[in-house]
Amino acid sequence: VRGADPFFINSAARCSIGFSVVGGFVTAGHCGQVGAATTGFNQEAQGTFTASSFPGDDWGVVEVNGDWTPRPVVNDFNGGEVTVAGAEEAPVGASICRSGSTTGTRCGVVQAKNATVNYPEGTVTGLTRTDVCAEPGDSGGSWMSGDQAQGVTSGGSGDCTVGGTTFFQPLTEILQVNQLTLV
Ligand code: TYR
């Protein structure tokens with residue numbers, strides 16, 4: 001289990017892993033409901049959503065089976081990995097990068113915190129706004145500022161051809177609410 005790698009929900013829709021935690025990983029809530037089965041990048045059985053909040057929030061927790069080992073790294077899609085050293089929140093104005101299974105690593109700046117976004121399924125509050133692009137399948141993926149984990153991709157507008165605005169769910173809330181620890 002590695003941040004930003006693809007995983008599949010009910011063998012169909014693709015999302016991205018956010019961050020490894022003890023016992024599994026965190027991702028976006030809109031990627032799966034509690035009880036949904038996941039398969040890994042190789043489509044092998046991987047785990048189950050044990051928690052999910054969307055709309056309202058946009059976080060989910062997947063518990064993995066013994067064939068999968070949560071590792072404290074994020075795929076940079078450049079043949080390497082970034083090691084996650086902690087989860088200290090970066091301020092507005094900070095440089096930030098996102099990794100996801102559709103568009104790889106993309107970077108920009110933190111523009112605002114506590115943003116409210118209205119999706120077709122409902123309203124999500126408490127998101128962080130950035131000028132980083134994303135595309136379908138990047139959802140749930142990892143946001144890092146330096147070596148510090150920041151959050152998981154929720155949604156936004158635009159794409160990585162024209163550029164975009166993307167919101168992420170802050171990680172600290174996911175870890176606190178679910179009493180999780182980064183590996
Ligand atoms: N919400 C998308 C997903 O589920 C990810 C996404 C993010 C798509 C930002 C577009 C966008 O502009 O994969």
Side-chain angles (χ1 to χ4, degrees), residues 1-20 24-43 46-62 74-77 90 92 94-145 149-171 173-174:
V1 174
R2 171 173 68 166
D5 276 356
F7 74 99
F8 301 86
I9 301 89
N10 299 320
S11 300
R14 174 171 53 85
C15 272
S16 300
I17 290 173
F19 293 97
S20 293
F25 62 87
V26 298
T27 186
H30 75 264
C31 289
Q33 300 188 327
V34 172
T38 72
T39 50
F41 68 90
N42 54 3
Q43 283 284 15
Q46 182 188 58
T48 308
F49 274 83
T50 54
S52 181
S53 182
F54 176 80
D57 308 290
D58 196 358
W59 51 254
V61 181
V62 173
V74 172
N75 184 354
D76 72 0
F77 294 95
V92 170
S95 298
I96 193 163
C97 295
R98 175 194 67 65
S99 283
S101 62
T102 303
T103 62
T105 298
R106 306 284 173 153
C107 299
V109 169
V110 176
Q111 296 178 314
K113 298 199 186 192
N114 263 311
T116 296
V117 179
N118 296 304
Y119 293 118
E121 300 88 346
T123 299
V124 178
T125 58
L127 299 179
T128 301
R129 189 179 83 220
T130 74
D131 62 358
V132 183
C133 70
E135 294 183 9
D138 287 325
S139 271
S142 329
W143 290 76
M144 301 272 292
S145 187
Q150 301 295 315
V152 301
T153 301
S154 175
S157 57
D159 57 39
C160 290
T161 302
V162 303
T165 295
T166 305
F167 297 83
F168 69 84
Q169 163 73 58
L171 179 65
E173 183 191 339
I174 313 176

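We number each residue from 1, following the sequence as shown. Counting starts at 1 for both ligands and their atoms, following the listed order. Computed from a predicted structure; not experimentally measured.
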Check ligand 1 against G137 and write out every atom of the ligand that is under 4.0 Å from a heavy-atom position of the residue. 3 (C), 13 (O)
Is a side-chain donor or acceptor of T166 paired with a backbone partner of V132 at a separation under 3.5 angstrom? yes
Compare every heavy atom of S16 with every heavy atom of G137, then report the nearest pair and how far apart it is. O-OG, 2.7 Å
Looking only at N/O atoms, are G158 and ligand 1 under 3.5 Å apart anywhere? yes
Any N or O of G155 that comes nearer than 3.5 Å to an N or O of ligand 1? no
Just by distance, with hydrogens left out, do S101 and R14 show a side-chain donor and acceptor under 3.5 Å apart? yes
With sequence neighbours left out, write down each residue that passes ring pair (Phe, Tyr, Trp, His ring centres under 6.0 Å) with F7, or none if nothing qualifies. F25
Using distance alone, with no hydrogens and no angle criterion, decide if D76 and T105 have a side-chain donor and acceptor under 3.5 Å apart. no
Does atom CD (E173) have a neighbourhood of more than 12 heavy atoms from anything else shown, all under 6.0 Å? yes
Minimum-distance protein heavy atom relative to atom 3 (C) of ligand 1: S139 OG, 2.3 Å
Numbered atoms and elements of ligand 1 in range of D138, under 4.0 angstrom, heavy atoms: 13 (O)
Per-pair distances, 0.1 Å, donor-acceptor, side chain in residues 117-125, under 3.5 Å, sequence neighbours excluded:
residue	atom	partner	partner atom	Å
N118	OD1	T123	OG1	2.6
Y119	OH	S154	OG	2.6
Y119	OH	G155	N	3.0

Less than 4.0 Å is my threshold; does some heavy atom of S157 fall inside it relative to ligand 1? yes
Is H30 close to ligand 1, meaning an N/O of one under 3.5 Å from an N/O of the other? yes
So which protein heavy atom does atom 10 (C) of ligand 1 come closest to, and at what separation? A134 O, 3.7 Å
Whether S154 lies under 4.0 Å from ligand 1, heavy atom: yes
